[in-house]
Amino acid sequence: MNFGKIDKKWQKIWETKKNYKTIDKTKSKKNFMLLVEFPYPSGDLHIGHWYAYAVPDILARYLKMKGNNVMYPIGFDAFGLPAENAAIKRKINPAVWTENNIKFMTKQLKSMGASFDWSRVISTIDHQYYKWTQWIFLKMYQKGLAYRAKTMVNWCPNCKTVLANEQVIAGLCERCDSEVIQKEFEQWMFRITDYADRLIDDIKDLDWPQTTKLAQKNWIGRSEGVIVKFDVKCQMLNVKCPSIEVFTTRLDTIFGCTYLVLAPERVSALIQNSEFKIQNSGEVENYINQTKKKTELQRLEIDKEKTGVKLEGIKAINPFDKEEVPIFVADYVLGHYGTGAVMAVPAHDERDFEFAKKYNLPIKEVIIPDVIDKKNPPVPGKKTVERRNVHAIVRNPQNNKFLCLKSKKFLWTTFPMGGIEENEDVVSAARREVEEETGYKNLKLIKVLGGKVRAEYFAKHKDENMIAHTTAVLFDLINEEKSEIDKEWEESHEIMWIGEHKLNYNTMVHAEMDIWEKRLKGDETAYADDGALVDSGQFTNLKSSEARVKMVQWLKKNNFGNSKKIFKLHDWVLSRQRYWGVPIPIIKCDNCGYVPVPEKDLPIKLPPLKDFLPTEEGKSPLAKAKNWVNVKCPKCKNPAQRETDTMDTFVDSSWYFMRYTDPKNKKVFADKKKMKLWLPVPMYIGGAEHNTMHLLYSRFFTKVLYDLKLVHFNEPFIGRKNHGIILGTDGQKMSKSRGNVVDPDKEVKKFGADTVRMYLAFAGPYEQGGPWNPGGMLGIRRFLERAYKLKSKISSGKISNKNLEVLLHQAIKKVSEDIENFRFNTAISALMILLNEIEKQSQLSIVNYQLFLKLLSPFAPHLSEEIWSNLGNKKNIHLEKWPEYNPKLIKKENFELIIQINGKLRDKISVESGISQKEAENIALNQEKIKNFIGGKTVKKIIFVPEKLINIVI
RNA sequence: GCUCGGGUGGCGGAACGGUUUACGCAGAGGACUUAAAAUCCUUGCCCUUAAUUGGGUUGUGGGUUCGAAUCCCACCCCGAGCACCA
């Protein structure tokens with residue numbers, strides 16, 4: 001059978017009949033745009049494109065047959081760097097290169113046999129498209145959402161050019177391998193941070209994968225904290241200097257602040273400020289210059305040792321306790337986050353802890369772990385007492401066992417423990433308790449096991465609630481020598497030594513046990529969790545969360561700060577110093593400043609250019625098109641210049657889906673009525689790599705256009721599915737260097753489009769992707785050939801085949817549900833099972849064959865069309881209605897009853913559907929096998945799962 | 001380091017509280033054929049047994065349950081994203 005011929009035949013018929021041209025149905029409510037991410041025209045379709053477009057086509061065709069008015073659009077995201085690189089390398093025009101690629105890829109895309117609506121195809125380099133990209137930019141400019149600001153960019157000092165992130169490879173310039181540095185330039189920005197709150201809050205309404213939602217949340221990175229003002233004192237002049245503001249989410253730890261840290265970027269300005277009088281400004285400047293020289297790579301290095309320099313001569317004053325603390329500059333603090341300054345609390349922050357250890361700075365504990373005993377929680381209404389406690393943890397170094405006491409009355413296992421008396425230190429208290437309770441008196445102090453722990457529990461033996469502040473002390477036993485102990489105590493307690501592995505909250509009654517365990521094992525670290533406050537003035541004893549609320553109130557009242565929301569998300573730098581992009585429609589005039597191009601002059605077309613290499617420092621190659629650059633100012637008519645930067649390609653793709661609804665409109669970017677028919681997009685399928693960029697930018701654009709009342713929806717994509725990646729046969733990512741790239745054209749030539757489509761759908765769950773397995777193709781090909789051969793079984797007469805009918809209807813149900821849930825692999829397996837069964841029959845009615853073909857048609861559109869028309873049908877199979885299953889027909893008459901004994905399979909037996917537990921019991925208990933298994937034992941219990949199994953418990 | 005996925009035959013995977021391994025690939029045996037390919041049929045983890053007898057088995061170890069691949073806890077490994085975000 002010649003699959004290739006069949007493919008071409010039907011692709012041609014579909015095209016001439018315009019089968020997949022979508023019309024705007026106004027009456028039908030079932031308009032459905034199935035959106036897939038449009039490709040970059042890199043020149044060659046790879047297997048990933050097939051996965052991204054041919055597999056969702058199954059869903060598109062299914063939805064269409066289900067009665068929806070489906071639009072399955074496609075286009076090209078055609079601006080971008082590779083075209084420019086190709087132009088430089090091959091000395092051809094990027095437009096020519098790109099357009100050739102589009103032509104070639106269009107041909108390749110058509111070979112998939114997908115139901116794309118080619119009448120709506122768009123391309124972002126089409127000036128009728130980018131006219132509207134420019135128009136939207138101007139709208140944003142007018143709203144103040146597009147602005148200019150200085151920002152750091154990748155700069156190659158050798159090529160004297162700005163580099164995109166993709167052009168920086170391991171910190172080096174892609175072209176000349178010199179070290180890339182960060183340089184400040186003025187750039188066009190979008191104020192996406194204005195929308196940060198809405199972008200985060202509206203996520204919850206989206207039917208998106210959890211991972212994508214989380215990725216966006218983390219990317220936006222909202223954190224609610226406090227700005228605290230620290231006054232600064234210059235010691236030499238004894239005068240007040242400008243204060244320093246820090247950002248913190250842990251205001252509750254402020255009494256533990258022992259120094260302040262400023263990011264290097266912040267300090268440059270400070271040194272210039274004469275009011276500060278930093279005594280070691282030379283050393284400080286030196287440090288700042290060093291950090292500047294560090295490449296991006298070194299800065300990101302993990303486990304990098306922290307460095308910093310103290311600013312001599314000035315001190316910061318903690319607003320709460322008026323404590324004077326030193327100020328450091330250190331590059332472990334980020335300049336672009338928060339205020340670029342932090343209060344360091346080494347006791348409760350890992351990074352500060354590490355820094356304080358290195359530079360020998362004081363570590364002051366102000367938060368202690370706060371636990372509520374799950375096993376003995378406080379009883380409401382009982383008296384509550386507070387006390388200081390000590391736990392003595394005594395280890396016998398001979399056998400590494402620990403000394404415990406078991407109360408015979410309460411069945412508790414505890415360490416020797418008790419209250420600390422007044423004027424007694426913890427270690428002596430611990431020694432005393434050990435001696436009193438166990439008699440052991442020769443102990444070697446190892447260490448006090450960290451700070452106090454606050455625990456709330458109900459003390460049964462005293463009938464009161466206890467709030468205990470407990471310190472643990474670790475000893476080694478020197479020898480077995482004992483003093484005499486209290487008789488009564490001795491009788492009611494058992495002394496025992498238990499192994500380390502049993503030292504946990506299951507065995508021991510102490511609520512603090514988890515913390516002791518960690519401290520016994522672990523290295524010293526900061527305690528960074530919430531807890532209860534100690535040594536914190538009027539806030540002592542509060543819990544972290546309560547303290548934060550009260551302390552902000554205090555700050556506000558005393559004018560030392562306020563709460564503040566901070567985002568990780570930065571404003572979007574949209575300008576690129578590149579040729580192959582949309583020109584930014586702005587004119588720079590010496591008199592009027594930045595003047596937007598009047599709407600009537602749009603689009604500002606990209607001028608033809610021969611040389612794409614930038615010459616002037618930091619200028620776009622467009623600056624070389626002198627005739628194009630020099631214009632009259634639209635306002636004052638004096639000579640002026642065009643903006644020469646172009647836009648980030650993410651701008652182009654932030655609104656493309658809107659254009660699909662009205663791709664040829666010359667008056668607006670898309671007609672509102674048409675958008676109402678199709679948008680927002682109910683399902684958008686694409687790669688997980690767009691989780692944070694493209695998807696976020698599209699949401700931002702949509703919200704802006706919504707606020708401008710230009711669109712009626714404020715979220716662009718209601719549903720979203722991420723597809724997996726097809727790997728090489730070796731399970732590695734496909735790449736030319738690995739030589740594991742699969743060429744779809746070759747596969748199509750060998751097996752036909754249907755086989756390739758279906759194989760990809762069958763390989764695994766769509767979200768997961770998986771390795772390419774050439775053998776798997778054979779299986780699908782065989783399946784399709786067998787489906788074709790079924791025609792030899794056709795009988796013209798009526799045949800009733802109840803059994804087959806049940807299977808058919810089960811398959812309708814399964815295939816429909818699986819397609820809707822993107823489980824194409826199991827849908828195909830259901831079709832295979834069905835085919836296996838049909839083959840077992842000697843005859844097949846034409847009705848049943850046609851039913852089977854309809855189920856197959858979304859997966860193998862060409863072949864099913866071919867057979868369908870061979871059967872004498874004039875209309876296309878894809879215009880047929882999707883079959884409905886009959887719920888009455890999917891029930892089998894018999895089923896296999898599983899008989900278990902104690903949950904283990906012992907027998908299976910075919911029984912009538914719908915039998916009762918009684919009947920099932922009778923059958924099961926009378927099986928010879930089962931009788932043998934039960935022997936003489938009594939049946940304790942019988943569990944019956946209707947239509948499935950019976951479990952006999954003996 | 002943090003977050004999110006995921007560990008099931010020789011392989012891709014199915015089952016997501018109830019028969020572990022559906023469906024497909026590869027393998028083995030057979031039929032057809034002068035022969036091969038294609039096609040069709042049979043088979044399908046490990047140990048054990050006279051026996052399709054019995055036992056084991058879903059990364060490891062525990063727990064919940066009549067019953068766990070599935071739920072809970074701890075650990076190990078693989079992948080992806082973020083990465084000193086105070």
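Letters go in sequence order (proteins before strands), and every chain restarts at 1. Atom set for the values below is all heavy atoms of this structure, side chains included, hydrogens, waters and symmetry mates excluded.
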Checklist outcome for this item: Here the gap from L760(A) atom CG to I47(A) atom CD1, rounded to the nearest 0.5 Å, amounts to 5.0 Å
Checklist entry - Does the side-chain contact (heavy atoms from CB on, under 4.5 Å) test come out yes or no for K358(A) and K306(A), once each step is laid out? => result CA-CA 8 Å; K358(A) 184 173 170 189; K306(A) 291 184 172 40; 5.5 Å; no
Please list each protein N or O that sits under 3.5 Å from an N or O in nucleotides 27-32 of chain B, with the distance.
none

Item to check | Salt-bridge contact R720(A)-E37(A) (side-chain N to carboxylate O under 4.0 Å) | outcome: yes
All N/O donor-acceptor pairs, side-chain side in residues 214-229 of chain A, below 3.5 Å, sequence neighbours left out:
unit_1: Q216(A); atom_1: OE1; unit_2: R699(A); atom_2: NH1; d: 2.7
unit_1: Q216(A); atom_1: NE2; unit_2: N691(A); atom_2: O; d: 2.8
unit_1: N218(A); atom_1: ND2; unit_2: L214(A); atom_2: O; d: 3.4
unit_1: R222(A); atom_1: NH1; unit_2: D197(A); atom_2: OD1; d: 2.4
unit_1: R222(A); atom_1: NH1; unit_2: D201(A); atom_2: OD1; d: 3.3
unit_1: R222(A); atom_1: NH2; unit_2: D201(A); atom_2: OD1; d: 2.9
unit_1: S223(A); atom_1: OG; unit_2: Y337(A); atom_2: OH; d: 3.2

Next on the checklist: Let's test your reading of the model: under 3.5 Å, does the base of C84(B) pair with the side chain of K306(A) as donor and acceptor?
Outcome noted: yes
Item to check | C1' gap between A22(B) and U8(B), integer Å | outcome: 13 Å
Checklist entry - With rounding to whole Å, what would you report as the distance between U43(B) and U58(B) at their P atoms? => result 26 Å
Next on the checklist: For R782(A), is there an ion pair with E785(A) - N to carboxylate O distance below 4.0 angstrom?
Outcome noted: no
Checklist entry - Quick one: I954(A) CD1 to G67(B) P, roughly how many Å, whole number? => result 13 Å
Next on the checklist: For R250(A), is there an ion pair with D530(A) - N to carboxylate O distance below 4.0 angstrom?
Outcome noted: yes
Next on the checklist: Is there a side-chain contact between R782(A) and the phosphate of G24(B), meaning an N or O under 4.0 Å from OP1 or OP2?
Outcome noted: no
Item to check | Aromatic ring pairing W572(A)/Y697(A), orientation class (parallel under 30°, perpendicular over 60°, tilted between) | outcome: parallel
Checklist entry - Reckon R906(A) has a side-chain N or O less than 4.0 Å from the OP1 or OP2 of G55(B)? => result yes
Item to check | Pairwise C1' distance, C4(B) and G9(B) [rounded to whole Å] | outcome: 29 Å
Checklist entry - For the pair made of CD1 in I828(A) and P in G13(B), what is the distance, rounded to whole Å? => result 14 Å
Ignoring hydrogens and angles, write down the donor-acceptor pairs under 3.5 Å from the side chains of residues 938-954 of chain A, residues two or more places apart or on other chains.
unit_1: E947(A); atom_1: OE2; unit_2: G914(A); atom_2: N; d: 2.6
unit_1: N951(A); atom_1: OD1; unit_2: N902(A); atom_2: N; d: 3.3
unit_1: N951(A); atom_1: OD1; unit_2: G903(A); atom_2: N; d: 2.9

Item to check | Gap in Å between the two P atoms, one belonging to U70(B) and one to G81(B), rounded | outcome: 29 Å
Checklist entry - Would you say the side-chain atoms of Q841(A) and E837(A) include a donor-acceptor pair closer than 3.5 Å? => result no
Item to check | Candidate nucleotides C23(B), C84(B), G12(B), ranked by approach to the side chain of S829(A) - the nearest | outcome: C23(B)
Item to check | side-chain contact (heavy atoms from CB on, under 4.5 Å) assessment of I192(A) paired with L199(A) | outcome: CA-CA 9 Å; I192(A) 189 170; L199(A) 287 168; 3.9 Å; yes
Item to check | Nearest-angstrom distance, C1' atom, G59(B) to G55(B) | outcome: 22 Å
Item to check | Pairwise P distance, C41(B) and G61(B) [rounded to whole Å] | outcome: 41 Å
Next on the checklist: Within the 4.0 Å heavy-atom criterion, would you say F933(A) contacts the bases, only the backbone, or no part of the nucleic acid?
Outcome noted: sugar-phosphate
Checklist entry - Base, sugar-phosphate, or nothing for A763(A), non-hydrogen atoms under 4.0 angstrom? => result sugar-phosphate
Checklist entry - What integer distance in Å separates I227(A):CD1 from A86(B):C1'? => result 11 Å
Next on the checklist: Under the rule for ring-ring contact (aromatic ring centres under 6.0 Å, His included), what residues qualify as partners of F328(A), not counting sequence neighbours?
Outcome noted: Y259(A), F355(A)
Next on the checklist: Rounding to an integer number of Å, can you tell me how far K904(A) NZ sits from G55(B) P?
Outcome noted: 6 Å
Checklist entry - Which way is the base of G59(B) turned, syn or anti, if we draw the line at 90° from 0? => result anti
Checklist entry - Quick one: stems for RNA chain B, with Watson-Crick or G-U pairs under 3.5 Å, at least three in a row? => result B:1-7 with B:76-82, B:10-12 with B:23-25, B:27-31 with B:39-43, B:45-47 with B:54-56, B:59-63 with B:71-75
Checklist entry - Think T211(A) has a side-chain N or O under 4.0 angstrom from the OP1 or OP2 of A80(B)? => result no
Next on the checklist: Without decimals, in angstroms, what is the distance between H336(A) NE2 and C84(B) C1'?
Outcome noted: 10 Å
Checklist entry - Within this structure, what is the CZ-to-C1' distance between R781(A) and U39(B), rounded to whole angstrom? => result 14 Å
Checklist entry - When you match Y337(A) and E839(A) each to their closest nucleotide on RNA chain B, which lands nearer the 5' end? => result E839(A)
Item to check | Closest to side chain of K789(A), choosing from U39(B), G54(B), C25(B) | outcome: U39(B)
Checklist entry - Reckon S223(A) touches a base, only the sugar-phosphate, or nothing at all at heavy-atom distances under 4.0 Å? => result sugar-phosphate
Item to check | C1' atoms of A83(B) and A74(B), separation to the nearest Å | outcome: 26 Å
Set out, line by line, the N/O atom pairs under 3.5 Å between protein and nucleotides 14-21 of chain B.
unit_1: A14(B); atom_1: OP1; unit_2: N825(A); atom_2: ND2; d: 2.9
unit_1: A15(B); atom_1: OP2; unit_2: R823(A); atom_2: NH2; d: 3.1
unit_1: G18(B); atom_1: N2; unit_2: Q900(A); atom_2: OE1; d: 3.2
unit_1: G18(B); atom_1: N2; unit_2: N951(A); atom_2: ND2; d: 3.0
unit_1: U19(B); atom_1: O2; unit_2: K908(A); atom_2: NZ; d: 2.9

Next on the checklist: Take a 6.0 Å sphere around NZ of K931(A) and say whether it holds more than 12 heavy atoms from other residues, nucleotides or ligands.
Outcome noted: yes
Item to check | First encountered from the 5' end of RNA chain B, between M343(A) and L214(A) | outcome: L214(A)
Checklist entry - Rounded to the Å, how far apart are N722(A) CG and C4(B) C1'? => result 12 Å
Next on the checklist: Between Y759(A) and N773(A), do the side chains contain a donor N or O and an acceptor N or O under 3.5 Å apart?
Outcome noted: no
Item to check | Nearest-angstrom distance, P atom, C25(B) to C78(B) | outcome: 33 Å
Checklist entry - Looking at L863(A) and L784(A), what are the two nearest heavy atoms and their distance? => result CD2-O, 3.5 Å
Next on the checklist: Within the 4.0 Å heavy-atom criterion, would you say N836(A) contacts the bases, only the backbone, or no part of the nucleic acid?
Outcome noted: sugar-phosphate
Checklist entry - In whole Å, what is the span from the CD1 atom of I327(A) to the P atom of A86(B)? => result 22 Å
